[in-house]
K.L.:
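Quick one: the structure is below, and I'll ask about it shortly.
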There are 2 protein chains.
Amino acid sequence: MRPRMVAALEALLEIEFSAFIDLRQRNPLCEARLEGMTNFPEAFDRFARKILSANLSDAAHLRFQSLARLVALDRDRALEFEGTSSQLIFVGHGATKLVAHASEARDQIVAFHFVGDVFTVPEQDNYSYSVCALRDCDLLTFGANEFLDLAASEAPILRHLLDNTTSSLRRCREKTIALGRKTASERVAVFLLAMGERIGVRKGGSVLLELPMSRRDIAESLGLTIETVSRQLSLLREAGAIATTGRSGIVLRDVGMLKARAGYLRDAA
Amino acid sequence: MRPRMVAALEALLEIEFSAFIDLRQRNPLCEARLEGMTNFPEAFDRFARKILSANLSDAAHLRFQSLARLVALDRDRALEFEGTSSQLIFVGHGATKLVAHASEARDQIVAFHFVGDVFTVPEQDNYSYSVCALRDCDLLTFGANEFLDLAASEAPILRHLLDNTTSSLRRCREKTIALGRKTASERVAVFLLAMGERIGVRKGGSVLLELPMSRRDIAESLGLTIETVSRQLSLLREAGAIATTGRSGIVLRDVGMLKARAGYLRDAA
DNA sequence: CAGCCGCATTGATCTGAATCAATTTGGCGA
DNA sequence: TCGCCAAATTGATTCAGATCAATGCGGCTG
C-alpha cells in the first residue's frame with residue numbers, strides 16, 4: 001500500500017461517508033451496512049487491479065478513487081437510480097440482479113452480476129433500472145460520464161471497459177435468443193448451464209451450484225413464472241440431469257443432457 | 001483526399017479485391033456486387049469520420065484501412081462467419097439484420113443495423129451468427145481482435161467503440177424486456193416506436209416509416225409469428241394509431257397512443 | 001428442537017399466441 | 001397493362017405456459 005495515499009484515503013472515506021448518509025436519506029431502500037465502510041480500500045484495490053491499468057500515475061489513481069462510492073447493500077436491498085445519469089458499477093463482494101421496471105410492476109431481470117463483474121446501469125428512459133443485492137454486497141459505483149471523462153486518454157482502461165461491455169452484450173444477446181425462440185424447458189437448461197459456467201464448481205463430471213437467487217428471480221430472468229420454473233426443474237430432476245439439495249443447491253449431474261435440452265445449435269464446437 | 005494515399009489505396013483495393021474473390025469462393029451466399037468495389041474509399045472515409053479520431057497519423061490511418069474489407073451484399077444475401085473470430089462491422093450503405101441461428105432452423109433476429117451503425121458479430125459458440133442485407137449494402141468488416149490491437153493506444157477510437165457498444169447493449173436490454181415481459185401488441189408498439197426513432201421521418205405530428213424488413217423479419221425480431229404481427233398491425237390500424245401504405249410504408253399517426261400501448265413505465269420523463 | 005413463515009412444489013383450469021388453413025393483395029416482370 | 005407469385009391478411013383450432021388454488025417443506029427464530 002502506497003503510504004502517501006493514507007491521508008488522501010482518509011479524506012476520501014469522509015467524503016464517502018457523507019455521500020453514503022446522503023444516499024440513505026434520499027432512498028430508504030438503501031440501508032448500507034456501517035461495518036462495510038472499512039471495505040472501501042480493499043474493494044477499490046480489487047477494482048483497480050481489474051480495470052485500471054497497472055502503470056497509472058498515483059495522481060490519476062487518486063482521481064478515480066475520489067470518483068468511487070462504496071455502497072454496502074444488504075441482501076434484498078435495492079439501489080434505485082431515478083433521475084441519475086448512467087452508472088458504472090463494480091461488484092466488490094456479493095451478487096446482484098439488474099432489474100428493469102416496466103409498467104404495472106412487471107419487472108424483468110436483465111442480468112445477474114457476481115464478484116468482480118463490472119457493468120453499467122443505463123439512465124432511465126422508457127424503463128427505470130435498479131440494482132438489487134442477492135447476497136450482502138459491497139459495490140463501487142461511479143458516475144459513468146465522469147469516469148469516462150477521467151479515462152478519456154487512458155486507452156488500457158477504455159479497453160478493459162470495452163471488453164467488459166462486449167461480453168455483457170454477448171450475454172444479453174444470448175438471453176434475447178432464449179426469450180425469443182426457446183421453450184420453457186430450454187430456457188431453464190440454458191440458465192443452469194450459464195450459471196454453471198459463471199459460478200459453478202466442477203466436481204468430477206458434475207458441476208455444483210449454490211444459486212444465490214430465488215425461483216422468482218430465475219422466473220423473472222427467463223420470462224417465465226415461478227411455477228413453470230419449478231415444474232421444469234422437477235422434470236430435469238426426474239430425467240436425472242440435475243439433483244437439488246435444499247432451496248439453493250443444484251448439482252448438474254449430466255451436462256451433456258442439459259446441453260442437448262438447451263436448444264443450442266447442433267454440432268456446436 | 002491526401003494525394004500520397006492514392007498509390008496505397010490502389011494497392012489496398014487489390015488486396016481488397018482478392019479478399020473479396022476469396023470470400024465469394026468460400027461462401028456461395030456472399031455474392032458481392034462488382035460495381036460496389038468503387039465504394040471502398042468512400043465507405044472507409046465515412047467510417048473514419050465516425051470512429052477514427054480526427055488527429056490520427058496518416059500511417060495509422062492506412063493501417064486501419066488495410067484491415068478493412070469491403071463487402072457489397074445484395075438484398076437477402078447473408079454473410080456467414082462460421083469458424084471466424086469475432087468481427088467488427090460498419091454499415092456504409094443499406095440496412096442489415098443480425099441473425100442468431102439456434103437448433104432446428106429457429107432463427108432469432110438479434111438486432112437491426114442501419115447506415116452509419118457499427119456493431120460486433122460474436123464468435124460462434126452456442127449459436128452461429130450471420131449478417132443479412134435487408135437492402136443492398138456496402139459493409140466494411142474488420143477482424144475485431146486485429147482492429148483492437150491496432151487501436152490499443154488510441155483512446156478516442158476505443159471511446160467511440162465503447163459508446164457504440166454501450167448503446168447496442170442498451171437496445172439489447174430493451175429487447176430483453178420486451179421479449180420477457182410484454183404481450184404481442186406491446187411488442188409491436190415498441191418495435192414501431194423504436195424504428196420511428198431510428199429511421200423515421202417526422203412530418204407534422206406523424207412519423208413516416210419505410211420499413212426495409214418484411215413481416216417475417218419483424219416477427220423473428222419480436223419472438224412472434226408473422227400472423228400475430230399482422231393481426232396486431234391491423235388492430236393498431238383500426239384503432240387509428242397507424243396507417244399503412246403498401247407493404248413497407250407505415251405512418252405513426254398517434255405516437256401518444258403507441259406509447260400508451262407499449263407498456264412503458266408510466267410517467268416516464 | 002419445535003413451531004412458524006415464506007418459498008417451493010404440485011395440481012386444475014384458462015388464455016394468448018402458435019399453428020393450420022384459406023383468401024387477398026401488392027409489386028414485379030412479361 | 002395484365003397476370004403471376006410471394007407476402008400479407010384473416011379465420012379456426014390447438015397448445016404451451018399463465019393463472020388460480022392447495023399442499024409441502026426448508027430454514028430461521030425463540
Side-chain angles (χ1 to χ4, degrees), chain A residues 74-76 97 104-108 132 134-136 178-192 209-239 242-250 261 263, chain B residues 74-76 97 104-108 134-136 178-192 209-239 242-251 261 263:
Chain A
D74 279 348
R75 190 165 182 282
D76 283 340
K97 54 180 173 178
E104 299 163 41
R106 288 181 302 173
D107 292 346
Q108 171 69 35
C132 183
L134 298 172
R135 307 181 173 294
D136 290 356
L179 298 191
R181 281 283 165 263
K182 287 187 195 272
T183 65
S185 63
E186 289 171 330
R187 292 184 206 188
V188 171
V190 167
F191 170 81
L192 291 175
L209 267 177
E210 187 67 27
L211 293 182
M213 67 288 281
S214 68
R215 298 287 186 270
R216 172 166 302 282
D217 291 327
I218 300 174
E220 285 188 359
S221 163
L222 297 180
L224 300 169
T225 57
I226 1 179
E227 293 95 326
T228 301
V229 171
S230 180
R231 272 184 258 269
Q232 295 305 330
L233 287 175
S234 298
L235 290 176
L236 288 174
R237 201 184 311 118
E238 283 159 28
I242 64 171
T244 53
T245 61
R247 250 159 210 180
S248 58
I250 294 190
R261 288 169 178 242
Chain B
D74 279 349
R75 189 166 183 283
D76 283 339
K97 54 181 173 179
E104 300 163 40
R106 287 180 303 172
D107 292 345
Q108 170 69 36
L134 299 172
R135 308 182 173 294
D136 291 355
L179 298 191
R181 281 282 165 264
K182 287 187 196 270
T183 64
S185 63
E186 288 172 330
R187 293 184 205 188
V188 171
V190 167
F191 171 81
L192 292 175
L209 268 177
E210 186 66 27
L211 292 182
M213 67 288 281
S214 68
R215 298 286 186 271
R216 171 166 302 283
D217 291 328
I218 300 174
E220 285 187 359
S221 163
L222 297 180
L224 300 169
T225 58
I226 357 178
E227 293 96 325
T228 301
V229 171
S230 180
R231 273 184 258 269
Q232 295 304 330
L233 288 175
S234 298
L235 289 175
L236 287 174
R237 202 185 311 118
E238 283 160 28
I242 64 171
T244 54
T245 63
R247 251 160 208 179
S248 58
I250 295 190
V251 183
R261 288 171 178 241

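These values consider heavy atoms only, across backbone and side chains, with no hydrogens, waters or symmetry-generated copies. No experiment lies behind these values; they were computed from the predicted model shown.
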K.L.:
With distance as the sole criterion, is a donor-acceptor pair present between the side chains of T244(B) and R237(B) under 3.5 Å?
P.N.:
yes

K.L.:
Side chain of T228(A) only, please: which of dT10(D), dA8(C), dA18(D) is the nearest?
P.N.:
dA18(D)

K.L.:
First locate atom CG of L134(B), then atom NZ of K97(B), and finally report the distance between them rounded to the nearest 0.5 Å.
P.N.:
6.0 Å

K.L.:
Checking the side chain of D136(A) only, and the main-chain atoms of R75(A) only, is there a donor and an acceptor separated by less than 3.5 Å?
P.N.:
yes

K.L.:
Starting from P on dA17(C), measure out to CD on Q232(B) and report it in whole angstrom.
P.N.:
7 Å

K.L.:
Which part of the nucleic acid, if any, lies within reach of G223(A) when heavy atoms closer than 4.0 Å are counted: base, sugar-phosphate only, or nothing?
P.N.:
sugar-phosphate

K.L.:
So, does the side chain of R216(A) form a donor-acceptor pair with the base of dT9(C) at under 3.5 Å?
P.N.:
no

K.L.:
Once you round it to whole Å, what is the distance between P of dA18(C) and CG of L179(B)?
P.N.:
12 Å

K.L.:
Check for a donor-acceptor pair, side chain of R106(A) on one end and backbone N or O of R181(B) on the other, with a separation under 3.5 Å.
P.N.:
yes

K.L.:
Rounded to the nearest Å, what distance is computed from the CZ atom of residue R215(A) to the P atom of nucleotide dG6(C)?
P.N.:
18 Å

K.L.:
Does dG16(C) have OP1 or OP2 sitting under 4.0 Å from an N or O in the side chain of R231(B)?
P.N.:
no

K.L.:
Write down the distance between CG (L211(A)) and C1' (dG27(D)), rounded to a whole number of angstrom.
P.N.:
17 Å

K.L.:
Nearest to the side chain of L224(A), heavy atoms from C-beta on, is which of dA21(C), dA18(D), dT10(C)?
P.N.:
dA18(D)

K.L.:
Any donor-acceptor pair under 3.5 Å between the side chain of R247(A) and the base of dC25(D)?
P.N.:
yes

K.L.:
Could you check which of dA17(C), dA8(D), dA8(C) has an atom nearest any side-chain atom of S230(B)?
P.N.:
dA8(D)

K.L.:
Quick one: E186(B) CD to dG16(C) P, roughly how many Å, whole number?
P.N.:
12 Å

K.L.:
If you compare every side-chain N and O of T225(B) against the phosphate oxygens of dA18(C) (OP1, OP2), does one of them come in below 4.0 Å?
P.N.:
yes

K.L.:
Select base, sugar-phosphate, or nothing to describe what R187(B) touches, counting heavy atoms under 4.0 Å on all strands.
P.N.:
nothing

K.L.:
Is the side chain of Q108(B) donor-acceptor paired with the backbone N or O of E220(B) at a distance under 3.5 Å, no angle test?
P.N.:
yes

K.L.:
Write down the distance between CG (D76(B)) and C1' (dA7(D)), rounded to a whole number of angstrom.
P.N.:
12 Å

K.L.:
Which residue, G246(A) or G246(B), contacts DNA chain D at a nucleotide closer to its 5' end, judged by nearest heavy atom?
P.N.:
G246(B)

